[in-house]
Amino acid sequence: VRHHHERFDGSGYPDRLRGTDIPLAARIIAVADAFDALSSNRSYRRGVGAEQALNIIAQAAGSRFDPNVVAAIGRGPLRDALVAAHGEMS
């Protein structure tokens with residue numbers, strides 16, 4: 001959890017870790033946290049749909065997020081499950 005604000009390109013915090021120096025669990029949590037932040041309603045804006053959230057995350061693969069983690073959630077059964085679960089939560 002400590003490192004989930006690290007960015008894959010090394011510009012994050014608290015330790016400015018880069019790439020695979022960021023623990024895998026933190027790289028996964030970073031993507032999950034971003035998906036939740038994008039797709040959840042806030043007092044100042046409505047959340048975006050699951051597909052749009054995944055597209056926004058995909059645009060940040062390699063800079064903010066681990067491209068392998070993004071690819072894993074962005075295709076096949078994982079993507080389908082995430083989109084379906086998001087629909088059930090809406």
- Message: Would the distance check show the side chain of R46 and the main-chain N or O of R42 forming a donor-acceptor pair, the cut-off being under 3.5 Å?
- Response: no

- Where A53 and S39 come nearest, the two heavy atoms and their spacing: CB-CB, 4.5 Å

- Task: Please test F65 against R7 for side-chain contact (heavy atoms from CB on, under 4.5 Å), starting from the C-alpha separation and ending with a verdict.
- Result: CA-CA 6 Å; F65 305 114; R7 292 175 55 126; over 6 Å; no

- Message: Would you say that P14 contacts E6 through its side chain, given a criterion of any heavy-atom pair below 4.5 Å between the two side chains?
- Response: yes

- Task: Pick out which of L38, L82, V48 makes a side-chain contact (heavy atoms from CB on, under 4.5 Å) with L54.
- Result: L82

- Report the hydrophobic cluster partners of I22, with the cluster defined as I, L, V, M, F, W, Y residues connected by side-chain heavy atoms closer than 4.5 angstrom, directly or transitively. L17

- salt bridge (Lys or Arg N to Asp or Glu O under 4.0 Å) against R2, all qualifying residues, sequence neighbours excluded: D15

- Message: According to salt bridge (charged side-chain N to carboxylate O under 4.0 Å, His left out), does anything in residues 21-36 pair up with another residue at least two apart or in another chain? List the pairs.
- Response: R27-D66

- Mind checking whether H86 and F35 have parallel, tilted or perpendicular rings, split at 30° and 60°? perpendicular

- Query: Do V83 and L78 belong together in a cluster built from hydrophobic side chains that touch within less than 4.5 Å?
  - Reply: no

- Rounding to 0.5 Å, atoms CD1 (I73) and CG (N68) come to a distance of 12.5 Å

- Non-neighbouring partners of R64 that pass side-chain hydrogen bond (donor to acceptor under 3.5 Å, both in side chains), sequence neighbours left out: none

- Test item: S63 and F8 side chains (from C-beta on) under 4.5 Å apart, heavy atoms: no

- Note on the structure: Connected to V1, directly or through other members, by ILVMFWY side-chain contacts below 4.5 Å are I29

- Partner residues of R79 under the salt bridge (Lys or Arg N to Asp or Glu O under 4.0 Å) criterion, sequence neighbours left out: E51

- Message: Check for me, please, whether V69 and I56 land in the same ILVMFWY cluster - side-chain distances under 4.5 Å, paths through other members count.
- Response: yes

